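Here the structure is laid out as structure tokens; the discussion comes afterwards.
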Amino acid sequence: MSLQALTYLFVGLSFAIYIAIAIWSRARSTNDFYIAGKEVNPVANGMATAADWMSAASFISMAGLIAFLGKDGSVYLMGWTGGYVLLALLLAPYLRKFGKYTVPDFIGTRYYSKAARLVAIICLIFISFTYVAGQMRGVGIVFSRFLEVDINVGVVIGMLIVFFYAVLGGMKGITYTQVAQYCVLIFAYLVPAIFISILVTNNPIPQLGFGDQISGTSTYLLDRLDQISEELGFTAYTENSKTNIDIFFITAALMFGTAGLPHVIVRFFTVPKVSDARKSAGYALIFIALLYTTAPAVSAFAKMNFIDSVQEVEYESAPNWFKNWEDIGLIAWKDKNEDGVIDYYPGNALKGVKPKYTNERGKYNERVVLNDIDSSNLNEVYIDNDIMVLANPEIAKLPNWVIALVAAGALAAALSTAAGLLLVISASISHDLLKKMVMPKITEKQELFFARCSAAIAIFIAGLFGIYPPGFVAQVVAFAFGLAASTIFPVLFMGIFYKRLNKQGAIAGMLSGLISTSSYIIYFKFISPDLNNSNNWLFGISPEGFGFLGMIINFTIALIVSNFYSKPPNEIYQMIDNIRKP
Amino acid sequence: MTYWQLNLLILFILLSIWFLVSFGFGIIWSENLDQIKFGGFKLGFWFAQQGSIYFFVIIIFIYIFLMNKLDKKFYSDHQEKDKDKD
């Protein structure tokens, strides 16, 4: 069967499963819709959490990012897993014991304040939409490369599927489709990784192959990577090029941000007992670790294969995948020294980084780009990080069914995360904003109706993000984690572990975290991006890592302000005592 | 010690390990550990890209084990303690 037919088969089959599950697990009450009736098995919830968490970014982009960053890429590996330790130990069991529907629910009740609830809702909606935009881009890329349909058609198909199971099934439908999606995505990630590991090192376990010798030689893969990286003028693969303080702060911001992400936290509201919430976090991390320990191995294999098959190869005899991805617009080649040979070196090949293609073809039938040449370096290749995982099976010449599987897996990763986010957005609108603040008199049936409406609207907006992608998706990811770390995490943590914190302290803390972090990021990412380098950063902390400092600011301001105002009322003390018991 | 004090003690010990394997071995002392090699891995690099994640999983399961024991010791008489009141 042709690649395209196989891809249609795999993607179609997986979509059919998701729809079947959605019909079987319809939501009948708000309890079903928001938290799946609190009857999800902890292992199933662990799987759903893993699928919810591992987005298009984890599946498609992360390995590519690490391939280019080398050891610096560890910030993502540690940051996006270490947060689960915080979540399991510091938040999940207590928030489950609290037993309500949403994160703003906890903040509003614990700090006996509508203002606190509102600030939480705003942060939550901002964080979640930022994230959804990235998922839709992932859906678009997969559809355009593998199914050869228009990106917009792809996004619309994706939205229809999510609409179907999120609006109909709510959290219940999403949970069980996420279980299926986890199975699809992990299988799709591991199969090519195992193949490539065998190919490169003769070791079937990628986690071990990563540290093994290249097959047929006695050279270790990582030593060889260090050597070729240095030869070409890059930093050695296993060494940092960022400063330790920056790596420390970025890792911390990602960890605390992970623990503060509403769509992850809310997953722990769906299990029957407190002990199940703990167990569920453990299983979630196992399922996540399966992909996250494979990813750096994939990065190393991919980097090797990429350099081997492209470096100093004549463009005309370059492999097919190189030209396919050039047609999609994720690779560009500008023959700076006019020798017809691809030269891959450090630095940006083109001024303005992203290629601006024309419809013309050049001397070697390459796509002509309008960008000025960046003559400060010899690099001739622009390559988007995203293609490393998607092109990996092609680069390693794996059979077509593996490539089709990767397409289905990438879609599962993007759709599962999008659905989880959309549910959090709809719950915070129908439950926190409408039911708890604007119109408290609505019945449960009406609330369920509004929950479905807001889910539908959120999907529509997310679809627009996919069709008209804002150019700043990559920049705003730092934003989502920075805000979760600097606004939501501290008030949840202190809400459980520090009884004396009153509403004035909490609101002042959230606002100071929000304002400091967003102004730092907006300044360096949008107002003066040309100043965005370590000479101008505060204490050498990049915008990606600033969320951790914002978190410290939040804690400090909250504790100071709290002391100037009276203690929280007695029933809050009782409530906290109650959530501290299992 | 009360249930809550023991809980805090467990958290303190486990989070210290969490900090040590990630921020400690993976970042702060990573370059020093890189002097030690096993197989093709430099130890600091291994902690940063593999080891810390394995430890995170182990930490959570130790936490689950200890907390279940603690729950049993203090709250074994209540079976459906957690049933929701809403």
Side-chain angles (χ1 to χ4, degrees), chain A residues 38 66 71 73-75 77-79 81-82 84-86 88-90 93 96-97 99-100 201 207-208 210-213 219-223 237-240 244 247-248 251-252 255 272-276 278-279 281-282 284-286 288-289 292-293 295-297 299-300 497 577 580-582, chain B residues 2-4 7-8 10-12 14-15 17-19 21-31 34 37-42 44-68 70-72 74-75 78-86:
Chain A
K38 284 188 196 158
I66 298 168
K71 191 177 177 188
S74 322
V75 295
L77 295 166
M78 290 191 284
T81 52
Y84 275 84
V85 176
L86 297 169
L89 273 57
L90 300 177
R96 168 60 195 86
K97 181 66 197 298
K100 288 285 171 53
T201 64
Q207 284 83 344
L208 301 177
F210 185 27
D212 214 335
Q213 291 160 340
T219 320
Y220 285 110
L221 171 70
L222 288 169
D223 290 342
Y237 191 79
T238 58
E239 274 161 35
N240 289 322
N244 263 359
I247 292 179
F248 189 102
T251 307
M255 280 191 189
K273 286 186 304 191
V274 173
S275 58
D276 290 337
R278 297 194 282 251
K279 204 164 147 192
L285 189 59
I286 288 194
I288 292 167
Y292 271 64
T293 52
S299 312
F497 289 87
D577 279 332
R580 285 179 178 184
K581 289 178 205 145
Chain B
T2 64
Y3 175 81
W4 185 246
N7 182 4
L8 292 181
I10 292 173
L11 291 185
F12 179 77
L14 291 178
L15 287 177
I17 302 173
W18 164 80
F19 184 85
V21 295
S22 53
F23 293 97
F25 296 161
I27 300 172
I28 302 171
W29 300 297
S30 188
E31 274 174 44
D34 275 346
K37 276 190 86 168
F38 69 99
F41 286 118
K42 295 179 188 167
F45 177 82
W46 182 80
F47 264 105
Q49 299 216 333
Q50 296 274 297
S52 54
I53 303 177
Y54 300 131
F55 274 95
F56 294 154
V57 174
I58 296 168
I59 289 169
I60 298 187
F61 278 91
I62 294 176
Y63 171 72
I64 296 170
F65 173 76
L66 292 176
M67 288 308 283
N68 283 346
L70 200 62
D71 287 358
K72 236 185 208 150
F74 284 84
Y75 295 100
H78 309 279
Q79 291 201 323
E80 292 284 85
K81 187 75 188 126
D82 180 55
K83 266 272 180 246
D84 297 281
K85 286 148 200 118
D86 51 5

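Remember, predicted model here, so these are calculated numbers, not experimental data. To find a chain, count down the sequence lines: A is the first, B the second, and so on, and within it residues start at 1.
- The shortest heavy-atom contact between A/Gly73 and B/Gln49 is C-NE2, 4.4 Å.
- Looking only at heavy-atom pairs under 4.5 Å with chain A, the residue among B/Ile64, B/Val57, B/Ile27 that has the most is B/Ile27.
- When heavy atoms are compared at a cutoff of 4.5 Å, B/Ser22 approaches chain A by way of both its backbone and its side chain.
- By the salt bridge (charged side-chain N to carboxylate O under 4.0 Å, His left out) test, A/Asp223 is found to be paired with B/Lys37, residues two or more places apart in sequence or in another chain being considered.
- Here the side chains of A/Lys71 and B/Ser30 are in contact, with some heavy-atom distance below 4.5 Å.
- Only the side chain of A/Ile66 comes within contact range of chain B, with at least one heavy atom under 4.5 Å from a heavy atom of that chain.
- For B/Phe61, the part lying under 4.5 angstrom from a heavy atom of chain A is the side chain only.
- If you measure heavy-atom distances from B/Tyr54 to chain A, the contacts under 4.5 Å come from the side chain alone.
- There is no contact between A/Ala295 and chain B, counting heavy-atom distances below 4.5 Å.
- The minimum heavy-atom distance linking A/Arg580 with B/Tyr3 is given by the pair O-CE2, 3.4 Å.
- The shortest heavy-atom contact between B/Ser52 and A/Met78 is OG-CG, 3.3 Å.
- At most 12 non-hydrogen atoms from other residues, nucleotides or ligands lie less than 6.0 angstrom from NZ of A/Lys279.
- In this structure, B/Phe45 CZ and A/Ser74 OG are separated by 6.5 Å, a value rounded to the nearest 0.5 Å.
- Atom CZ of B/Phe12 has 12 or fewer heavy atoms from other residues, nucleotides or ligands within 6.0 Å.
- Chain A forms more heavy-atom pairs under 4.5 Å with one residue of B/Ile59, B/Leu14, B/Ile28 than with any other, namely B/Ile28.
- Taking 4.5 Å as the limit, every side-chain heavy atom of A/Val274 sits out of range of all side-chain heavy atoms of B/Asp71.
- Of all heavy-atom pairs between B/Ile60 and A/Gly282, the closest is CG2-CA, 3.4 Å.
- Aromatic ring centres of A/Phe210 and B/Trp46: separated by at least 6.0 Å.
- Within 6.0 Å of CZ in B/Phe55 there are 12 or fewer heavy atoms belonging to other residues, nucleotides or ligands.
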Residue pair B/Leu15, A/Leu86: steps toward the side chain to side chain contact (heavy atoms under 4.5 Å, CB included) verdict: CA-CA 8 Å; B/Leu15 287 177; A/Leu86 297 169; 4.2 Å; yes
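- Atom CZ of A/Arg278 and atom OH of B/Tyr63 lie 5.0 Å apart (nearest 0.5 Å).
- A/Gln207 approaches B/Phe41 most closely through the heavy-atom pair O-CZ, 3.7 Å.
- Note: B/Ile53 CD1 to A/Thr81 OG1 = 4.0 Å, rounded to the nearest 0.5 Å.
- Distance check, rounded to the nearest 0.5 Å: CD1 of A/Ile286 to CZ of B/Phe56 gives 14.5 Å.
- Applying the ring pair (Phe, Tyr, Trp, His ring centres under 6.0 Å) test to B/Phe23 and every residue at least two apart in sequence or in another chain returns A/Phe248, B/Trp18, B/Phe19.
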